[in-house]
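Following: one structure in structure tokens, then a few remarks.
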Amino acid sequence: MRLPRFLSRRAARSPLPRRVDAGDVRVPGECWSRRADFLALRDGVGHERLKAQWQMGVQLPNALGEEGLSGLCPLCAERVVFGRPGDAASFDVREGLACSRCGNNARMRQALSLLLDGLPLATARVYLTEQASPGFVWLQQQVPNAQGSEYGLDAARRARLQRWFNDLGGQGTLNEADITALRDPDASFDAIGCFDVLEHVPDYRAALREFARVLAPGGRLVLTVPFLETVQQTLVRARLREDGSIEHLEPEEIHGDPVSGGVLCFYHFGWDLLDALREAGFRRAEWIRSFAPEYGLFGLWALRAER
């Protein structure tokens, strides 16, 4: 285990500083490129620490449900409140703990921080595989060359998503893209964020190859997915038959969508996703775990790969 190299030396010495310069916020994290190294920590000297961190996240609704969690949003670079006082469900450590200022939940704050760290925002070419979301709307306000997309936009769904996008404060018209067959030229982007999308793509390896193709050399990809942190091999929950029908290998799992109502989950990924990224053309890939209560992050996982 080691700290990600994108942290400054100061942050590496003190990954959770008591005082933070709001102009230089960094999300601390630990990273691993091999499952064996993580398990050695989890089952060894880090066992009690990781167990205690998990317990902190579980107990958040009981500890803070009436007040909210005061902390620093790495996107806003301001002191804010995470979660809605009195609403226990809003303290979910992954999909909850939304920032009271920008509205982004814990998963999105971690992922966007990793995606943009060190990039020249005025000129960076950044693509998100989503558009009608608080995360993309925030990105659009920070990065002039930000692009996003949605998928499966028939007339009715396009109209619903466009209204949702506009209500969030988004600018422009929704784009449609199939991430397994992107229309963008080679080396079009400096960074790509794919947040809780890959598990819904039957041929996710084709999407990884496309990400590698459209990223410039040295570009980065940040993924969030359902992750089985102790398991090497990805769990295939469902797959497409040759006739286009779906074969369910596990009980059907539908993930919520703010407009369409739900999307089928095909995969829970294991550590072998790192191998799939290397095979797709990425020279480096690591899982990153961020435990930083001051930033409202309680043991979240994300994957970061470099082209």
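Note that this is a predicted model, so its numbers are computed, not measured.
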Discussion item. If you apply the rule side-chain contact (heavy atoms from CB on, under 4.5 Å), what do you find for Phe38 with Arg34, and how did you get there?
Written reply: CA-CA 7 Å; Phe38 169 68; Arg34 299 193 314 149; over 6 Å; no

Worksheet item: Would the Trp271 and Phe227 ring centres measure less than 6.0 Å apart?
Response: yes

Worksheet item: Given Asp154 and Arg157, is the salt bridge (Lys or Arg N to Asp or Glu O under 4.0 Å) satisfied, shown in steps?
Response: CA-CA 5 Å; Asp154 58 30; Arg157 187 165 188 266; over 6 Å; no

Practice prompt. Evaluate the criterion side-chain contact (heavy atoms from CB on, under 4.5 Å) for residue pair Arg101 and Glu78; output intermediate values, then yes/no.
Written response: CA-CA 9 Å; Arg101 187 174 185 274; Glu78 291 186 8; 3.2 Å; yes

Worksheet item: Which value, rounded to the nearest 0.5 Å, describes the distance between His200 atom NE2 and Glu253 atom CD?
Response: 8.5 Å

Discussion item. Are Val93 and Trp54 connected into the same hydrophobic cluster when the rule is that any two of I, L, V, M, F, W, Y join if their side-chain heavy atoms are below 4.5 Å apart?
Written reply: no

Item to complete: Examine distances only and state if a side-chain atom of Thr234 and a backbone atom of Phe269 form a donor-acceptor pair shorter than 3.5 Å.
Response: no

Worksheet item: Is a side-chain N or O of Glu250 found less than 3.5 angstrom from the main chain of Val236, in a donor-acceptor match?
Response: no

Worksheet entry | Quiz item: cation-pi between Arg220 and Phe189, 6.0 Å / 45° | no

Worksheet item: So, Arg304 and Glu286, do they make that salt bridge, N to O below 4.0 Å?
Response: no

Worksheet item: With no hydrogens and no angle check, is any side-chain donor or acceptor of Arg307 less than 3.5 Å from a backbone partner on Ala191?
Response: no

Worksheet item: Taking all non-hydrogen atoms of both residues, which atom of Arg278 and which atom of Ala285 are closest, and how far apart?
Response: NH2-O, 3.3 Å

Worksheet item: Shortest non-hydrogen contact from Phe91 to Leu60?
Response: O-CD1, 4.2 Å

Worksheet item: Under the 3.5 angstrom rule, does the side chain of Arg107 hit a backbone N or O of Glu95 as a donor-acceptor pair?
Response: no

Worksheet entry | Any donor-acceptor N/O pair, Arg125 side chain to Ser188 backbone, under 3.5 Å | yes

Worksheet item: Is there a donor-acceptor pair closer than 3.5 Å between any side-chain N or O of Thr224 and the backbone N or O of Asp196?
Response: yes

Discussion item. Taking the side chain as everything from C-beta on, heavy atoms only, tell me whether Trp32 gets closer than 4.5 Å to Arg289.
Written reply: yes

Worksheet item: At what distance, to the nearest 0.5 angstrom, does CG of Asp92 lie from CG of Asp87?
Response: 11.0 Å

Worksheet item: Linking I/L/V/M/F/W/Y whenever their side-chain heavy atoms sit closer than 4.5 Å, directly or via other members, would Leu128 and Leu168 fall into one cluster?
Response: yes

Result block: side-chain N/O donor-acceptor pairs under 3.5 angstrom for residues 203-212, not counting sequence neighbours:
{"unit_1": "Asp203", "atom_1": "OD1", "unit_2": "Ala206", "atom_2": "N", "d": "3.4"}
{"unit_1": "Arg205", "atom_1": "NH1", "unit_2": "Glu279", "atom_2": "OE1", "d": "3.2"}
{"unit_1": "Glu210", "atom_1": "OE1", "unit_2": "Leu182", "atom_2": "N", "d": "2.7"}
{"unit_1": "Glu210", "atom_1": "OE1", "unit_2": "Arg213", "atom_2": "NH2", "d": "3.0"}
{"unit_1": "Glu210", "atom_1": "OE2", "unit_2": "Arg213", "atom_2": "NE", "d": "2.9"}

Fill in: Test ring pair (Phe, Tyr, Trp, His ring centres under 6.0 Å) applied to His47 - qualifying residues, sequence neighbours left out
none

Discussion item. Please check: side-chain N/O of Ser90 versus main-chain N/O of Arg84, any donor-acceptor pairing under 3.5 Å?
Written reply: yes

Worksheet item: Is there a side-chain contact between Leu75 and Tyr295, using heavy atoms and a 4.5 Å cut-off?
Response: no

Worksheet entry | Minimum heavy-atom distance Gln232-Asp275, with the two atoms named | NE2-OD2, 3.8 Å

Worksheet item: Closest approach of Phe298 and Met56, non-hydrogen atoms and distance?
Response: CE2-CE, 4.2 Å

Worksheet item: For Asn105, does its backbone N or O pair with a side-chain atom of Gln110 as donor and acceptor, under 3.5 Å?
Response: no

Discussion item. I'd like to check Ile254 versus Val263 (side-chain heavy atoms, cut-off strictly below 4.5 Å). Are they in contact?
Written reply: no

Discussion item. Would Glu30 and Arg49 count as a salt bridge (Lys or Arg N to Asp or Glu O under 4.0 Å) here? Give the steps.
Written reply: CA-CA 13 Å; Glu30 299 168 301; Arg49 173 170 65 89; 3.1 Å; yes

Worksheet item: Do Phe195 and Trp164 share a hydrophobic cluster (ILVMFWY, side-chain heavy atoms under 4.5 Å, transitive)?
Response: yes

Item to complete: Give a yes or no on whether the backbone of Ser113 and the side-chain of Asp117 come within a donor-acceptor separation of less than 3.5 Å.
Response: no

Discussion item. Could you check whether any side-chain heavy atom of Phe136 comes within less than 4.5 Å of a side-chain heavy atom of Thr129, counting everything from C-beta outward?
Written reply: no

Item to complete: Verify the cluster assignment for Leu264 and Val197: are they in a single hydrophobic cluster under the rule of side-chain heavy atoms below 4.5 Å apart?
Response: yes

Discussion item. Donor-acceptor pair, distance only, cut-off 3.5 Å: does the side chain of Asp190 make one with the backbone of Ala124?
Written reply: no

Worksheet entry | Test item: Ser100 and Phe82 side chains (from C-beta on) under 4.5 Å apart, heavy atoms | no

Practice prompt. Give the intermediate values and the outcome of side-chain contact (heavy atoms from CB on, under 4.5 Å) for residues Ile192 and Leu223.
Written response: CA-CA 9 Å; Ile192 295 176; Leu223 299 171; over 6 Å; no

Worksheet item: Among side-chain atoms of Trp301 and Glu229, is any donor-acceptor pair under 3.5 angstrom?
Response: yes

Worksheet entry | Side chain proximity check, Phe266 to Val201, heavy atoms < 4.5 angstrom | no

Fill in: Working for side-chain contact (heavy atoms from CB on, under 4.5 Å), residues Asp186 and Val214
CA-CA 4 Å; Asp186 295 357; Val214 301; 5.7 Å; no

Worksheet entry | For the student: nearest non-hydrogen atoms of Arg109 and Leu297, plus distance | NH2-CD2, 4.4 Å

Practice prompt. Quick one: closest heavy-atom pair of Ala77 and Leu72, and the distance?
Written response: C-CD1, 3.9 Å

Worksheet item: Under 4.5 Å between any side-chain heavy atoms of Leu303 and Val222, yes or no?
Response: no

Worksheet item: Below 4.5 Å, heavy atoms only, C-beta onward: do Asn145 and Val126 meet side chain to side chain?
Response: no

